[in-house]
Amino acid sequence: QVTLVESGGGLVQAGGSLRLSCAASGRTLSSYTMGWFRQVPGKEREFVASINWSGGSIYYTDSVKGRFTISRDNAKNTVYLQMSSLKPEDTAVYYCAANPSTWLWSDPARYDYWGQGTQVTISS
């Protein structure tokens, strides 16, 4: 059983930065593709970014390109999402997820394991 725990969310002003972390336990995820998603009430879960096992392949949704950076530390079994130049429309619950394949899926249905989410709120 894999457990993912996100942390680092909070309330910041527009233009500010946050760094989210996702720590995995129960199994090493060094061979998994990891993804970050976000969701606001009443809307579907939205893909944000994904990273392959080595960190050599990364994929971002267009709305966060140039502002967000996904990275991973396999020795720590942890994935990060550095968020900068934050906008009010980035407000959401952010989730990390693990996918056992090598593909950088943006479809949440492809991910097997999910964290509980961390709230990110950006004030204008």
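These numbers come from the heavy atoms of this one structure, side chains and all, not from hydrogens, waters or symmetry mates.
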ILVMFWY cluster, Y113 and Y80 together (side-chain gap under 4.5 Å): no
If Ile, Leu, Val, Met, Phe, Trp and Tyr residues are connected whenever their side-chain heavy atoms lie under 4.5 Å apart, and connections chain through other members, are V2 and M34 in the same group? yes
Would you call the rings of F37 and Y111 parallel, tilted or perpendicular if under 30° counts as parallel and over 60° as perpendicular? perpendicular
Do the rings of Y95 and W114 sit parallel, tilted or perpendicular, given the 30° and 60° boundaries? perpendicular
Is there a side chain to side chain contact (heavy atoms under 4.5 Å, CB included) between V120 and L20? Walk through the geometry before answering. CA-CA 9 Å; V120 171; L20 305 184; 4.0 Å; yes
How long is the straight-line distance from [atom2] of [Y] back to [atom1] of [X], given to the nearest 0.5 Å?
X	Y	atom1	atom2	value
F68	S63	CZ	OG	7.5 Å
W36	F47	CH2	CZ	12.5 Å
L104	T33	CG	OG1	5.5 Å
I58	R72	CD1	CZ	10.0 Å
T102	W53	OG1	CH2	10.5 Å
I70	S50	CD1	OG	6.0 Å

For a 4.5 angstrom cut-off between non-hydrogen side-chain atoms, does [X] reach [Y]?
X	Y	result
E6	Q116	yes
S106	T61	no
L29	L4	yes
I122	V12	yes

Go through the steps for T91 and Q119 under the test side chain to side chain contact (heavy atoms under 4.5 Å, CB included), then give the verdict. CA-CA 8 Å; T91 295; Q119 176 70 47; 4.0 Å; yes
May I have all residue pairs that pass salt bridge (Lys or Arg N to Asp or Glu O under 4.0 Å) and include part of residues 28-39, sequence neighbours excluded? R38-E46, R38-D90
Which atom of [X] lies closest to which atom of [Y], heavy atoms considered:
X	Y	value
S85	R67	O-NH1, 3.0 Å
S71	I51	CA-CD1, 3.7 Å
L18	G8	CD2-O, 3.7 Å
L81	A49	CD1-CB, 4.4 Å

Does the N52 side chain pair with the main chain of G55, one donor and one acceptor, at a distance under 3.5 Å? yes
Using side chain to side chain contact (heavy atoms under 4.5 Å, CB included), reason through Y60 and T69 one step at a time and then give a plain yes or no. CA-CA 9 Å; Y60 297 102; T69 302; 3.8 Å; yes
